[in-house]
Amino acid sequence: MTWLQKNRVLVPIDFSEESFAALQPAREFVQEPSQLYVLHILSHLHPAEPGVVWNTIDDETRKKHALEALHERLKDSEYQGVHLAILVGDPSSKIIDYAQEINADLIVIPSHGRTGLSRFFLGSVAERVIRFAHCPVVVLRK
Amino acid sequence: MRQYSLLRVLRKSPIFSVVLLLVVSGTALAAEETTADNGFLAGIDAVFSTLVDALSQVLFFSVAGLPFIVLWLIVGAVFFTLRMNFINFRGFGHAISVVQGHYDNPSETGEVTHFQALSAALSATVGLGNIAGVAIAIQLGGPGAMFWMTIAGLLGMSSKFVECTLGQKYRLVSPDGTVSGGPMRYLSRGLGELGLRPFGRLLAGLFAVLCIGGSFGGGNMFQANQSYAAIAGVVPLFEGRSWLYGLILGAMVALVIIGGIRRIGGVAEKLVPAMCLIYVLAALWIILVNLPQVPAAFGTIVREAFVPQAVTGGFIGVLVQGFRRASFSNEAGVGSAAIAHSAARTEEPVREGIVALLEPFIDTVVICNMTALVVVITGVYTDQTDSGVQLTSTAFASVITWFPIILSLAVFLFAFSTMISWSYYGERCWAYLFGDRSTLIYKVIFVVFVFIGSVVNLGAVLDFSDMMILAMAFPNILGCYLLSGKVVVDLESYMKRLNTGQMPVYR
């Protein structure tokens, strides 16, 4: 086992093509697909969102839908056994916390480089993950 | 690590930061107000008024005596009515049966039923525009303004149909099953389909900026300002203490939109329909008591619509007031409602558009006219001492002496639910421009504006509110013109299937 071989690799997915493209390089760090942990973060809904007002959607139904969508997307045999998780909150904090929780030894994250004004307000998710993660982080560039 | 945890504490309890901010500034103001009239509050007011004056030079330049944006709304509404072959009248019956749930298929994509989507949109539209806005229209434009408001409401049904159909057609469905639609989406995606991608994105961006402004103006400050005016008259605690009212209202809004305490918002949303009913019944009662005066009142309204007496600007003046206040109240052509309507569970964009055309009808043709009739019949509009919501209150009190208490409660609820709904519209636009992660910044600014709206005088607030909300109609109607061909095709196909019995009925 070299230092490039990892036990648990976390890949945050935001359903963009760039983020799904991070799975391939991430896969190369581990021996089994079951060592990959895919995480999707949902943002909090506004209390006046029609579905929230009428109690037709809540975080549970949203997690269920998003999980189904992830399953659908990752149904290829090469991703059999990948761990999937959905959390609600601020992406960077959730990624950092989750990495710690599963004791990840690597995070593979794409950098969109399209953050513009939101980068001005908060910095990019990748930036914050690099600064505060407990483990090494690989940032993929296009 | 330490910096990280501090960040997280602040992030997890933004509500405390906001409340703290409000309490600190409020305490300072309290000391100020007791000592001098022209202290900090007057300072805010002066700065704000200057800003508004400068903006109105740009947004309200006049074309043949009509402010450009009002002409724009009238032409748009007339165009859509003709282009859609009077959908505002021929779609009415079908709209009622869709709202009753006959066509609701629970397995279709979306968040809520047609009825629920309509009600969510109505909670943003039924607000102080219906109570205070109408009084303002009659004060400035005379009783004839009511006639033009009704016409604007009827024509506005077509604008609303077009924008809400487009909202559904170009909505985005996220992997988590939530829906995101509205002018930002149809301007960027719809015009993109027509090969006008950069132009569409420009209009979408412009719309989003103006909608954020509108959410601070008509969706927030106007509501805060006029609800204070109504409450101050009946609750002695708030008399002359607008800062205290601003603090309490700001804290309540913050609890809901930042603290995520949905129960407060939920209570308000559920009480609004009941309050609407009480309001309409009280208005009907006043009309009934004054029944002999009704024919004369109608006569005055129609006569003054064409030959106004003592109104600044004459015929044009009364026309402008009517259309301006109607658009402000029912938001037809403004585009905001399309954000809420796109959440409806349906695969047929046209169906939700048809439901949406009920909105200007309920808001303007029914509720605004109730207010207008009460104000005209009781004759209080000739009195120059009251303004805005106080005028409506005086009108009701002339028949039901204790009604101002109920009215101020209704006003408070309408204002509160409108603010919460508009903060949603503004937040969606903010997210469109800056992403989901920074919406907290928007919410904090929104809460600060609740406070400013409570303490600034009506004139400045009204102008700012009008400008922002009406200006949204510029990118929105322009995009709707360009996309109206697609709506016509969809509408014809829908009507054909409906009339040949190809639409499955579920209930």
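Letters A, B, ... mirror the listed sequences (proteins, then strands); counts begin at 1. Everything quoted here is computed from the prediction, not taken from an experiment.
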Checklist entry - Looking at B:Val179, B:Thr439, B:Ile339, B:Ile257, which has the largest count of heavy-atom pairs under 4.5 Å with chain A? => result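 With the most close heavy-atom pairs to chain A, the winner is B:Ile257.
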Could you state the interatomic distance from [atom1] ([X]) to [atom2] ([Y]), rounded to the nearest 0.5 Å?
X        : Y        : atom1 : atom2 : answer
A:Leu42  : B:Thr178 : CG    : OG1   : 8.0 Å
A:His65  : B:Ser174 : NE2   : OG    : 11.5 Å
B:Glu111 : A:Thr61  : CD    : OG1   : 9.0 Å
B:Asp176 : A:Leu70  : CG    : CG    : 11.0 Å

Item checked: chain A contact via B:Thr113 - which portion, at a heavy-atom distance below 4.5 Å ->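 Contact with chain A is absent: no heavy atom of B:Thr113 under 4.5 Å.
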Q | Side-chain (A:Trp54) to main-chain (B:Gln116) donor-acceptor, under 3.5 angstrom | A |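 Yes, A:Trp54 side chain to B:Gln116 backbone: donor-acceptor pair under 3.5 Å.
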Review point. Taking all atoms of both residues into account, what is the closest heavy-atom pair of B:Val112 and A:Pro50, and its distance?
Key: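 Shortest heavy-atom separation between B:Val112 and A:Pro50 comes out as CG1-O, 3.5 Å.
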Parallel, tilted or perpendicular, judged at 30° and 60°: which one describes the rings of B:Tyr424 and A:His46?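 Ring orientation of B:Tyr424 relative to A:His46: tilted.
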*Is chain B contacted by the side chain of A:Ala69, its backbone, both, or neither, given a heavy-atom distance below 4.5 Å?*
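Interface part for A:Ala69: side chain.
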### Query
If you count heavy-atom pairs under 4.5 Å between each of A:Asn55, A:Leu45, A:Thr56 and chain B, which one has the most?
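Looking at each of A:Asn55, A:Leu45, A:Thr56 in turn, A:Thr56 comes out on top.
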